[in-house]
Enquirer: 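Got a structure for you, questions after.
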Number of protein chains: 2
Amino acid sequence: MAVQADHALRDAGLRATRQRRTVLAALRDRSDAVTAQDLHGELRAAGEPVGLTTVYRTLTALADADFLDVFVREGEQAFRLCGDQHHHHLVCEVCGKVEELEADQVEQWVREVAGRRGYQVTGHRADIFGVCGECS
Amino acid sequence: MAVQADHALRDAGLRATRQRRTVLAALRDRSDAVTAQDLHGELRAAGEPVGLTTVYRTLTALADADFLDVFVREGEQAFRLCGDQHHHHLVCEVCGKVEELEADQVEQWVREVAGRRGYQVTGHRADIFGVCGECS
DNA sequence: CTGCCGATGAACATCGTTGTCATCTAGTGC
DNA sequence: GCACTAGATGACAACGATGTTCATCGGCAG
Ligand SMILES: [Zn+2]
Ligand SMILES: [Zn+2]
Ligand SMILES: [Zn+2]
Ligand SMILES: [Zn+2]
């Protein structure tokens, strides 16, 4: 697994350091989105010495390399390991769990609207928020 | 028009003050989203004495009352006067113009996905980003 | 007109995030 | 293995957006 992580980091144009492996491993273990500060706290608590600055930089770098999705909530950003193909999200607002979705209907809507209004699409976003079965 | 503004403020449970009328008027004059700081700067430049704190408070209050939509970009939030019924957005990334959209297909997608996965929906978001005809 | 209570705004506090820089280390070439 | 260098780290400072305080002001009901 460390090998896989190294590969992923390599692909992102990053050196495989102990800290980055640690961050990636922590991300693999969760299906919700984490804040840089929270992640830093957890790693520290788990006895993994990683600097806050490094956590920020690693998360940002991985997000730039499209390994992570970024969610903005209450003025801070949370990161989550996400599939590499285009997708949308279904987020539980209670437990924070995130499920990835395909949405052909949305893709079609985007094309239709853009075409009709003469826009050149550069991106779009479509996410659903709710409470999952376990939490309600 | 000052009367209309007063009505809107009343509806939001806010007193109609000179500063709030000024902020509302400034929002009516633009179809893009503004930052609290930018708006504050513009009002100052236009000779309208309004405190930064007040601009923040007014924008937040109006957004809480669903008079404004909030966009988050680059770590800061921008506000825009928006229609009062549910809608989505088509945003030009060059000139900042925002168009409001209906999206039956999206509404249906939301219901379908939530139903199939056993979620109780609390909200959703769907916006398209691109370059408008004039800007390309 | 008066009084009350919400509203204002300057100063200050907070918080997430990014910049700095001396030090360290992964990965390369030998 | 070994030395070298570009990239990475982390304690700390700095920054900008936003929240809070509090003395003062003014909208608006009576
Ligand atoms: Zn849940
Ligand atoms: Zn899509
Ligand atoms: Zn445009
Ligand atoms: Zn909708």
Side-chain angles (χ1 to χ4, degrees), chain A residues 2-26 33-65 67-68 70-79, chain B residues 2-26 33-65 67-68 70-79:
Chain A
V3 181
Q4 286 178 33
D6 287 12
H7 244 282
L9 289 168
R10 235 38 92 41
D11 291 350
L14 304 171
R15 286 187 181 174
T17 66
R18 176 184 57 78
Q19 294 87 336
R20 286 175 179 165
R21 273 190 283 257
T22 304
V23 168
L24 252 188
V34 222
T35 274
Q37 311 231 18
D38 287 350
L39 186 53
H40 175 246
E42 291 177 19
L43 293 179
R44 278 299 177 84
E48 295 281 0
V50 182
L52 177 58
T53 312
T54 299
V55 174
Y56 269 107
R57 276 190 297 230
T58 302
L59 290 175
T60 305
L62 289 174
D64 285 348
F67 277 78
L68 307 183
V70 186
F71 299 81
V72 178
R73 57 184 186 210
E74 299 168 25
E76 58 188 346
Q77 44 195 27
F79 300 83
Chain B
V3 182
Q4 285 177 34
D6 287 11
H7 245 283
L9 290 168
R10 235 39 91 43
D11 291 350
L14 304 171
R15 285 187 182 171
T17 66
R18 176 184 56 78
Q19 292 89 336
R20 286 176 180 164
R21 271 189 284 258
T22 304
V23 168
L24 253 187
V34 222
T35 273
Q37 312 235 15
D38 287 350
L39 185 54
H40 175 245
E42 290 176 21
L43 293 179
R44 278 299 177 85
E48 295 283 0
V50 183
L52 177 58
T53 312
T54 299
V55 174
Y56 269 108
R57 278 191 292 231
T58 302
L59 290 175
T60 305
L62 290 174
D64 285 348
F67 277 77
L68 307 183
V70 186
F71 299 81
V72 178
R73 59 183 185 211
E74 299 169 27
E76 58 188 343
Q77 44 195 30
F79 300 81

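Atoms considered below: every heavy atom in the structure, side chains included; atoms not considered: hydrogens, waters and symmetry mates. Residue numbering restarts at 1 for every chain, and letters A, B, ... go by the order of the sequence lines.
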Enquirer: Heavy atoms under 4.0 Å is the rule here; annotate nucleotides 23-30 of chain C 5' to 3' with B where the base is hit, S where only the sugar-phosphate is, and - elsewhere.
Expert: --BBS---

Enquirer: Can you confirm whether D6(B) sits close enough to R21(B) that some side-chain heavy atom of one is under 4.5 Å from a side-chain heavy atom of the other?
Expert: yes

Enquirer: Listing request: all side chain to side chain donor-acceptor pair (under 3.5 Å) pairs with a residue in residues 39-63 of chain A, at least two apart in sequence or in separate chains.
Expert: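 Sorted result for residues 39-63 of chain A: R30(A)-E42(A), Q37(A)-Y56(A).
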
Enquirer: Could you go through Q77(A) and T35(A), starting from their C-alpha distance and side-chain angles, then the distance that decides it, and tell me whether this counts as side-chain contact (heavy atoms from CB on, under 4.5 Å)?
Expert: CA-CA 6 Å; Q77(A) 44 195 27; T35(A) 274; over 6 Å; no

Enquirer: Taking five pairs at each end of the helix from dC1(C)-dG30(D) to dC30(C)-dG1(D), what angle separates the two helix axes (nearest 10°)?
Expert: 50°

Enquirer: Look at all strands and tell whether Q37(A) reaches a base, only sugar-phosphate, or nothing, counting heavy atoms closer than 4.0 Å.
Expert: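 It contacts base atoms.
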
Enquirer: Taking any atom under 4.0 angstrom from a heavy atom of chain B, which nucleotides of DNA chain D are the first and last to qualify, 5' to 3'?
Expert: dA17(D) to dC28(D)

Enquirer: Over all strands shown, is R44(B) touching base, sugar-phosphate only, or nothing at heavy-atom distances under 4.0 angstrom?
Expert: sugar-phosphate

Enquirer: Going by the rule ring pair (Phe, Tyr, Trp, His ring centres under 6.0 Å), which residues pair with F71(B) if we only count those two or more places apart in sequence or in a different chain?
Expert: H89(B)

Enquirer: Side chains of L24(A) and L62(A): does their closest heavy-atom pair fall under 4.5 Å?
Expert: yes

Enquirer: L39(B) versus F79(B): any side-chain heavy-atom pair under 4.5 Å?
Expert: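 Not touching, per the 4.5 Å side-chain cut-off.
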
Enquirer: So, does R15(A) use its side chain to make a donor-acceptor pair with the main chain of R20(A) at under 3.5 Å?
Expert: no

Enquirer: Near DNA chain C, counting only heavy atoms under 4.0 Å, which residues of residues 53-62 of chain B show up?
Expert: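 T53(B), T54(B), R57(B) - these, ordered by number, are the residues of the stretch whose heavy atoms sit under 4.0 Å from the strand.
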
